[in-house]
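Please read the structure below before turning to the comments.
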Amino acid sequence: QVQLVESGGGLVQAGGSLRLSCAASGRTFSTYRMAWFRQAPGKERRFVACILGSGTGITTYDRDSVKGRFTISRDNAQNTVSLQMNNLKPEDTAVYYCAAAVVWDGYGYSDYRAYDYWGQGTQVTVSS
């Protein structure tokens, strides 16, 4: 079983930056597809970004909201995935979740059903 622990959330002023980190267990971490989702109060959980494993390094971002401001990366030696968030906006306020897709299935990268393990979430609050 894979354990995921997010960190780095907090309170930041609009226009500021935060870097979220997710520490993962798993000896085959480098093969996992890793993703960040977020959920604002009263809203559905939404895809933010993902990065593929197995050496591909391919990244994908939510087209409408975060592309150009957020960057996902991974350090396979440390079993971590990060989300660098720049130019934060109040609408970015949410609980951010780290997720791992370990097994192959038919769901797309932005579908929460594609992911097998989830962290507990870390709160990001962006003030005006």
Would a distance-only check, ignoring hydrogens and angles, find a side-chain to backbone donor-acceptor pair under 3.5 Å from D111 to G108? no
Please round to the nearest 0.5 Å and tell me the distance separating atom OG1 of T60 and atom CD1 of I72. 9.0 Å
Check the surroundings of atom CD in E91: do more than 12 heavy atoms from other residues, nucleotides or ligands lie under 6.0 Å from it? yes
Are there over 12 heavy-atom neighbours, none belonging to R69, within less than 6.0 Å of that residue's CZ? yes
Classify the side-chain pair T80/D75 by whether it contains a donor and acceptor separated by less than 3.5 Å. no
Worked verdict on W118 versus R45 for side chain to side chain contact (heavy atoms under 4.5 Å, CB included): CA-CA 12 Å; W118 295 83; R45 188 169 299 186; 3.4 Å; yes
Would you check, one step at a time, whether the test ring-ring contact (aromatic ring centres under 6.0 Å, His included) holds for Y109 with F47? CA-CA 9 Å; Y109 61 86; F47 170 79; 5.4 Å; yes
From S82 atom OG to L20 atom CG, the distance as rounded to the nearest 0.5 Å: 8.5 Å
Please answer whether the main-chain N or O of F29 pairs with a side-chain N or O of R74 as donor and acceptor at a distance below 3.5 Å. yes
Donor-acceptor contact below 3.5 Å, side chain T93 vs main chain V126: yes
Closest non-hydrogen atoms of V48 and F70, given as atom of the first, atom of the second and distance, are CG1-CD2, 3.7 Å
What distance separates C22 SG from N79 CG, expressed to the nearest 0.5 Å? 10.0 Å
Tell me, with the steps shown, if L88 and L18 meet side chain to side chain contact (heavy atoms under 4.5 Å, CB included). CA-CA 8 Å; L88 284 161; L18 284 174; 4.1 Å; yes
Main-chain N/O of V102 paired to D116 side chain as donor or acceptor, under 3.5 Å: yes
Are I51 and I58 packed together at the side-chain level, in the sense that at least one heavy-atom pair is separated by less than 4.5 angstrom? no
Neighbour count above 12 (heavy atom, 6.0 Å) for Q78 CD: no
Locate the shortest heavy-atom distance separating M34 from C98; write the atom from each residue and the value. CE-SG, 3.6 Å
Answer yes when D105 and R113 have at least one side-chain N-carboxylate O distance shorter than 4.0 Å, and no when they do not. no
Which atoms form the tightest heavy-atom contact between A101 and A114, and what is the distance? CB-O, 3.3 Å
Would you indicate whether the side-chain heavy atoms of W36 and V81 approach each other to under 4.5 Å? yes
Is there a side chain to side chain contact (heavy atoms under 4.5 Å, CB included) between S73 and R19? Walk through the geometry before answering. CA-CA 11 Å; S73 61; R19 186 176 180 86; 3.6 Å; yes
Name the one of Y96, Y112, Y97, Y115 that satisfies ring-ring contact (aromatic ring centres under 6.0 Å, His included) with F37? Y115
Can you get from Y32 to L52 by hopping between Ile, Leu, Val, Met, Phe, Trp and Tyr side chains that sit under 4.5 Å apart? no
Answer yes or no: is there a donor N or O on one side and an acceptor on the other, between the side chain of E6 and the main chain of G121, under 3.5 Å? yes
Out of D92, L83, T122, which one pairs with R38 under the side-chain contact (heavy atoms from CB on, under 4.5 Å) rule? D92
Backbone N/O of S17 and side chain of N87: donor-acceptor pair under 3.5 Å: no
